[in-house]
Trainee: 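Let me give you the structure first, and then I'll get to my questions.
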Number of protein chains: 2
Amino acid sequence: MDDATGPDGQRRPAAPGVVRMRDVARTAQVSTMTVSRALKDPGKVSADVRRRVEEAVRAVGYVPNKLAGSLSSRRSNVIGLVVPSIENSLFASTVQGISDVLRQHDHQLMIADSGYSAVAEEAAIRAFLGQRVAGLILHDTTHTPEAVAMIRQSGVPVAENGTLTPTPIDMVVSYSNFDAAKAMTLHLARLGYRRIALVTLPASTNARSRDRQEGYRAALAEVGLPADPRLMLEMPPGLASGAEALLRLLEGGAAPDAIFFAGDVLAIGAVLECIRRGWPVPEKVAIAAFDNIDLLAHLVPPVTTLRLPRLEIGRRSAEVLLDRIQGRSTSRVSIDLRFEIIHRAST
Amino acid sequence: MDDATGPDGQRRPAAPGVVRMRDVARTAQVSTMTVSRALKDPGKVSADVRRRVEEAVRAVGYVPNKLAGSLSSRRSNVIGLVVPSIENSLFASTVQGISDVLRQHDHQLMIADSGYSAVAEEAAIRAFLGQRVAGLILHDTTHTPEAVAMIRQSGVPVAENGTLTPTPIDMVVSYSNFDAAKAMTLHLARLGYRRIALVTLPASTNARSRDRQEGYRAALAEVGLPADPRLMLEMPPGLASGAEALLRLLEGGAAPDAIFFAGDVLAIGAVLECIRRGWPVPEKVAIAAFDNIDLLAHLVPPVTTLRLPRLEIGRRSAEVLLDRIQGRSTSRVSIDLRFEIIHRAST
DNA sequence: TTGTAAGCGTTATCAA
DNA sequence: TTGATAACGCTTACAA
């Protein structure tokens with residue numbers, strides 16, 4: 001057993017309370033290797049040793065150093081997650097799902113946000129790879145070429161979440177924004193609406209918005225409704241934005257009979273504006289939303305929307321990563337999770 | 001310069017694409033130490049070497065291994081955060097604030113949620129200490145004794161966020177739940193309301209709720225209003241809960257003229273219930289909320305509430321930790337951030 | 001079942 | 001300004 005005070009090398013001293021495996025080993029009268037075994041694979045040591053080690057761990061207050069462990073074993077138990085915005089509560093369920101699964105499997109979650117910028121995402125990915133994460137979860141599906149190259153070179157498994165992209169880096173776990181927007185548009189058409197407007201977030205920087213626009217157009221084509229460009233609007237996120245979109249559409253020269261708000265909290269802003277003005281929904285105009293925000297069920301009237309598998313996306317993403325990390329699978333899965341239309345009084 | 005293929009020790013092979021500092025060193029024709037210097041402190045190497053190293057880094061696609069770096073330097077750039085719930089959007093702003101500051105200072109964020117359980121919080125803290133985080137941010141201010149002991153022994157700086165506790169482990173960055181609840185209650189009294197009800201989340205497990213109840217009582221005492229126990233309610237979180245609280249209070253035998261919802265989205269649920277029933281607010285009953293959720297400003301009527309420094313709490317927490325980590329400060333600060341009453345039409 | 005030695009990829013230290 | 005060497009605290013590989 002070696003001594004902590006080396007002959008010369010005076011490094012930055014460890015914090016006073018820092019306990020190393022060798023301290024446990026000394027207390028338990030065994031080698032560090034035996035401590036290591038007793039901790040990770042208790043079946044491999046004698047009952048007596050196991051007991052002594054456990055006791056020593058408690059006595060000295062030992063917390064194993066994962067940095068050293070991971071460096072040595074070349075194995076990490078940290079997963080890196082990049083979301084466009086931490087503050088946006090739509091992503092919160094997904095993060096919760098990821099966190100739940102990781103906790104059960106003794107893994108940790110590192111999180112960063114890109115502010116909807118691919119360049120910032122690249123920086124976050126580089127930092128995560130520097131931390132030698134065992135896997136990555138990315139909400140966005142568009143990345144800088146450098147980011148993709150780094151990930152490929154590192155060999156780290158990746159799950160992408162934002163939309164069911166046909167060209168994933170590795171694995172995708174999502175629902176189809178195209179299918180979802182198409183399904184809701186068809187639903188509105190089936191209810192008899194003929195002038196269905198679509199409001200999305202700006203599509204130029206957002207693959208999800210683009211997919212939704214295409215799904216909407218596909219639905220119109222399918223039922224033989226004309227695609228009036230005056231009925232398609234792109235708005236910034238926010239409640240006020242939804243109200244503004246409503247007014248612009250209704251007071252323009254080509255008023256819709258239904259508006260499908262396919263983004264953020266736009267629909268809520270619109271319904272509140274209707275309440276404010278005393279406009280009856282759906283008589284004045286029908287309103288549909290895109291996400292199962294709790295509030296939509298409690299608005300007046302309750303709002304028709306899509307139930308998206310946000311939590312499940314998180315859970316499954318974590319699961320497919322763990323499957324790969326723990327060698328249970330080598331396949332590059334693409335998981336299409338299901339959505340559902342929740343019909344309520346607003347349409 | 002040594003060779004990667006050792007004489008015998010056949011460990012788990014590194015991933016194919018993994019590049020080490022020695023690869024950069026070989027390419028740039030310098031020692032690893034010089035590469036290390038060129039990367040961390042470019043001023044300490046010659047311009048020529050700097051250029052060669054930079055080029056080599058790019059050529060081989062080198063991403064420094066922080067695990068090895070932190071192990072060797074005994075310095076980490078990871079901060080651990082434990083929140084009660086990831087999904088609860090009230091914490092999202094704080095997380096965003098933390099993340100913003102950390103990114104600017106090249107630090108990473110690890111996040112875990114405790115599900116409002118001190119035992120789960122302890123497990124998360126143990127895991128973080130195992131990762132040798134440089135600092136901890138805890139939303140809760142009540143912890144298991146073991147958790148406190150571990151943190152103390154580790155010497156890691158901690159910032160607590162939930163309420164302005166008089167007995168922090170180390171540092172606190174928060175607002176006073178007592179003062180905030182008191183201020184709003186006084187505000188209602190000043191507006192002429194005489195039967196002011198308080199609805200909080202269950203106080204038995206939540207220090208924040210307790211502080212708010214005490215602030216409410218203190219305000220009543222100060223203005224000489226009686227504290228009618230029938231006017232104090234504890235409810236689980238959620239929109240439906242708010243509606244239920246409203247009905248219970250108004251249809252009980254001791255109807256209030258104002259209700260102060262000091263928790264979660266309770267106030268929103270109550271206002272929506274009023275809209276549903278056509279009850280005029282504040283004529284039928286005045287309603288005040290506790291948090292600056294965007295939606296409150298857009299409801300009908302807009303709801304009086306408190307502007308709490310959620311984002312700022314995150315930013316300041318990260319800042320005081322970094323101050324300590326980087327040796328700019330040794331003091332155990334306690335920061336009382338300010339709140340503000342936003343008076344709107346609902347009261 | 002237990003221990004010894006080497007090495008994980010970096011940085012601190014000291015010497016040149 | 002640069003490099004050689006010894007840690008950092010753990011686990012792998014192998015020997016006893």
Side-chain angles (χ1 to χ4, degrees), chain A residues 1-15 18-26 28-50 52-53 60 62-77 129-132, chain B residues 1-15 18-26 28-50 52-53 60 62-77 129-132:
Chain A
M1 248 160 276
D2 45 6
D3 196 349
T5 58
D8 37 27
Q10 296 310 332
R11 311 192 128 213
R12 197 165 174 289
V18 163
V19 175
R20 292 139 304 172
M21 193 181 265
R22 72 164 58 123
D23 301 317
V24 176
R26 193 181 303 123
Q29 309 264 44
V30 293
S31 70
T32 58
M33 207 38 240
T34 299
V35 174
S36 179
R37 285 196 194 97
L39 260 31
K40 314 202 91 79
D41 200 349
K44 285 190 147 178
V45 301
S46 68
D48 177 50
V49 163
R50 192 160 52 233
R52 267 155 53 207
V53 169
V60 301
Y62 175 61
V63 180
N65 185 330
K66 284 278 181 195
L67 262 41
S70 292
L71 178 60
S72 180
S73 66
R74 294 157 173 253
R75 225 171 307 152
S76 145
N77 67 151
L129 294 179
Q131 304 285 348
R132 294 302 185 263
Chain B
M1 246 157 276
D2 45 4
D3 196 350
T5 59
D8 38 27
Q10 294 310 334
R11 313 191 123 214
R12 199 165 173 291
V18 163
V19 175
R20 292 140 305 172
M21 193 180 266
R22 71 163 59 122
D23 301 316
V24 176
R26 194 182 301 122
Q29 309 265 43
V30 292
S31 70
T32 59
M33 208 40 237
T34 298
V35 174
S36 180
R37 285 197 194 96
L39 261 31
K40 314 203 90 82
D41 200 348
K44 286 190 148 179
V45 300
S46 68
D48 178 50
V49 163
R50 193 160 51 232
R52 268 154 54 208
V53 169
V60 300
Y62 174 61
V63 179
N65 185 329
K66 284 277 182 196
L67 295 178
S70 292
L71 177 59
S72 181
S73 66
R74 293 155 173 258
R75 228 171 300 139
S76 144
N77 67 152
L129 293 179
Q131 303 286 346
R132 294 302 186 264

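Order of the sequence lines fixes the chain letters, A, B, ..., with proteins taken first and strands second; residue numbering starts at 1 for each chain.
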Trainee: Could you walk me through whether B:Asn65 and A:Leu71 pass the side-chain contact (heavy atoms from CB on, under 4.5 Å) check?
Mentor: CA-CA 9 Å; B:Asn65 185 329; A:Leu71 178 60; 4.1 Å; yes

Trainee: Can you name the salt bridge (Lys or Arg N to Asp or Glu O under 4.0 Å) partners of B:Arg52, sequence neighbours left out?
Mentor: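 Salt bridge (Lys or Arg N to Asp or Glu O under 4.0 Å) check on B:Arg52 returns B:Asp48.
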
Trainee: For A:Arg20 and D:dC10, what is the distance between atoms CZ and P respectively, to the nearest whole Å?
Mentor: 9 Å

Trainee: Minimum heavy-atom separation for B:Leu67 and A:Arg132, please, with both atom names.
Mentor: CD1-CB, 3.8 Å

Trainee: Which residues pass the side chain to side chain donor-acceptor pair (under 3.5 Å) test with B:Ser70, not counting sequence neighbours?
Mentor: none

Trainee: Is there a side-chain polar atom (N or O) of A:Arg74 under 4.0 Å from OP1 or OP2 of C:dG9?
Mentor: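 The answer is yes; a side-chain N or O of A:Arg74 sits under 4.0 Å from OP1 or OP2.
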
Trainee: Please list residues of residues 34-41 of chain A whose heavy atoms come under 4.0 Å from any atom in DNA chain C, ordered by number; otherwise none.
Mentor: A:Thr34, A:Arg37

Trainee: To the nearest Å, give me how far apart CZ (A:Arg26) and P (D:dC10) are.
Mentor: 12 Å

Trainee: Between A:Arg75 and D:dC10, is there a side-chain N or O to OP1/OP2 distance below 4.0 Å?
Mentor: no

Trainee: What is the distance, to the nearest angstrom, from the CZ atom on A:Arg22 to the P atom on C:dG3?
Mentor: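 Nearest whole value for this atom pair: 16 Å.
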
Trainee: Figure out the CG/P separation between A:Leu71 and D:dT12, and round it to whole Å.
Mentor: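 Interatomic distance, CG of A:Leu71 to P of D:dT12: 12 Å.
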
Trainee: On the side chain of B:Ser73, is there an atom forming a donor-acceptor pair with the base of C:dT11 - under 3.5 Å, no angle test?
Mentor: no

Trainee: Determine, step by step, whether A:Asn77 and B:Gln131 satisfy the side-chain contact (heavy atoms from CB on, under 4.5 Å) criterion, reporting the C-alpha distance in whole Å, the side-chain angles of both residues, the deciding distance to 0.1 Å, and the verdict.
Mentor: CA-CA 10 Å; A:Asn77 67 151; B:Gln131 303 286 346; 3.2 Å; yes

Trainee: Quick one: is B:Ser31 getting a side-chain N or O under 4.0 Å of the D:dG3 phosphate, OP1 or OP2?
Mentor: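 Answer yes for this pair, as a side-chain N or O of B:Ser31 is under 4.0 Å from OP1 or OP2.
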
Trainee: With B:Asp23, which residues qualify under side chain to side chain contact (heavy atoms under 4.5 Å, CB included), at least two apart?
Mentor: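 Result, side chain to side chain contact (heavy atoms under 4.5 Å, CB included) vs B:Asp23: B:Val19, B:Arg20, B:Arg26.
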
Trainee: What integer distance in Å separates B:Lys66:NZ from D:dC8:P?
Mentor: 21 Å

Trainee: In whole angstrom, what separates A:Met33's CE from C:dT4's P?
Mentor: 12 Å

Trainee: Give the minimum heavy-atom separation between B:Ala25 and B:Val35, together with the two atoms involved.
Mentor: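 Smallest interatomic distance, heavy atoms only, reads CA-CG2, 3.6 Å.
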
Trainee: For side-chain contact (heavy atoms from CB on, under 4.5 Å), just list the numbers for A:Val49 and A:Thr34, CA-CA rounded to whole Å, side-chain angles, deciding distance to a tenth of an Å, and then say yes or no.
Mentor: CA-CA 8 Å; A:Val49 163; A:Thr34 299; 3.4 Å; yes

Trainee: Is the phosphate of C:dT2, meaning OP1 or OP2, less than 4.0 Å from a side-chain N or O of A:Ser46?
Mentor: yes

Trainee: To 10°, what angle do the rotation axes through the five end pairs on each side of the helix from C:dT1-D:dA16 to C:dA16-D:dT1 form?
Mentor: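 The angle, to the nearest 10 degrees, is 30°.
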
Trainee: Provide, to the nearest angstrom, the distance between the CG atom belonging to A:Asn65 and the C1' atom belonging to C:dC8.
Mentor: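 So the CG-C1' distance, A:Asn65 to C:dC8, works out to 13 Å.
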
Trainee: Per the salt bridge (charged side-chain N to carboxylate O under 4.0 Å, His left out) rule, what does the pair list look like for residues 28-41 of chain A, sequence neighbours excluded?
Mentor: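 Pairs touching residues 28-41 of chain A that pass the test: none.
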
Trainee: Using whole Å, report how far CG of B:Leu67 lies from P of D:dT11.
Mentor: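 Atom-to-atom, B:Leu67 to D:dT11, this comes out as 13 Å.
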
